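Before any comments, here is the structure.
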Amino acid sequence: MVSFGSASLGWWFLPFVIFGVLGVLMLLTRWTFSPAKRAPAQPPRFGLLETLAEYPTAEKAEVTAHRLRVQGIKASTGHHGGKHYLLVWRNQSELGKVALARIDGPGKA
């Protein structure tokens with residue numbers, strides 16, 4: 001028997017305590033390991049390439065990538081979730097942003 005002060009409880013009380021503690025632990029771990037709801041949307045990762053711009057069509061992304069390649073910047077395209085991305089190597093990211101601003105105009109990327 002379990003005694004709490006003047007009240008004594010039988011053996012049937014122990015399973016309720018155990019399930020209660022397990023329930024609290026499950027809720028605590030669910031809250032702890034759930035993804036953040038207000039995290040900003042990040043473009044998908046494409047390995048070592050960095051996303052420079054997002055385009056609605058594959059043709060526009062490919063034309064812009066070709067224009068960057070003509071200027072000597074190693075550019076590629078990728079797609080994910082119906083969106084098309086202009087990709088460059090990380091070490092050419094700043095150079096690509098400057099060239100993209102000249103091609104598309106500031107604020108387009």
Side-chain angles (χ1 to χ4, degrees):
M1 288 183 104
V2 178
S3 298
F4 293 107
S6 63
S8 62
L9 303 171
W11 60 271
W12 57 270
F13 184 69
L14 189 59
F16 292 111
V17 171
I18 291 173
F19 284 122
V21 169
L22 286 176
V24 168
L25 286 175
M26 286 175 25
L27 289 174
L28 185 63
T29 55
R30 181 175 179 185
W31 173 72
T32 303
F33 294 107
S34 65
K37 303 292 187 236
R38 287 174 249 153
Q42 298 282 334
R45 300 287 310 247
F46 292 97
L48 295 175
L49 299 174
E50 185 174 306
T51 302
L52 200 60
E54 179 182 316
Y55 293 100
T57 64
E59 292 79 20
K60 177 68 175 160
E62 191 58 48
V63 166
T64 308
H66 176 71
R67 288 179 180 174
L68 289 179
R69 285 191 295 263
V70 167
Q71 295 181 18
I73 299 169
K74 296 177 183 176
S76 183
T77 60
H79 67 282
H80 179 73
K83 296 178 183 177
H84 301 275
Y85 299 96
L86 178 64
L87 309 168
V88 295
W89 290 97
R90 289 185 182 157
N91 60 353
Q92 293 186 328
S93 175
E94 293 301 320
L95 186 60
K97 289 177 185 176
V98 171
L100 188 63
R102 275 189 269 134
I103 293 171
D104 286 344
K108 294 281 187 176

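The model shown is predicted, which means the values in this text are computed figures rather than measured ones.
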same_hphob_cluster(Phe46, Trp89) at 4.5 Å side-chain heavy-atom cutoff: yes
Heavy-atom closest contact (Gly96 atom, Ile73 atom, distance): CA-CD1, 3.9 Å
From Leu86 atom CG to Glu62 atom CD, the distance as rounded to the nearest 0.5 Å: 9.5 Å
Heavy atoms of other groups near Arg30 CZ, more than 12 under 6.0 Å: no
Leu48 atom CG, over 12 foreign heavy atoms within 6.0 Å: no
Side-chain heavy-atom pair Thr77, Tyr85 within 4.5 angstrom cut-off: no
Partners meeting side chain to side chain donor-acceptor pair (under 3.5 Å) with Glu50 (sequence neighbours left out): Ser93
Atom CZ of Arg45: over 12 foreign heavy atoms under 6.0 Å: no
Closest heavy-atom pair and its distance - His84, Ala61: CB-CB, 4.1 Å
Glu54 side chain vs Lys83 backbone, donor-acceptor pair below 3.5 Å: no
Between CD on residue Gln92 and CG on residue Leu49, distance to nearest 0.5 Å: 10.5 Å
Thr32 OG1 to Leu27 CG distance, which is reported to the nearest 0.5 Å: 10.5 Å
Ile103 side chain near Gln71 side chain, heavy-atom distance below 4.5 Å: yes
Over all atoms of both residues, closest heavy-atom pair of Ala75 and Ala65: CB-O, 3.9 Å
Positive for side chain to side chain contact (heavy atoms under 4.5 Å, CB included) with Val88, one of Leu95, Leu100, Leu52: Leu52
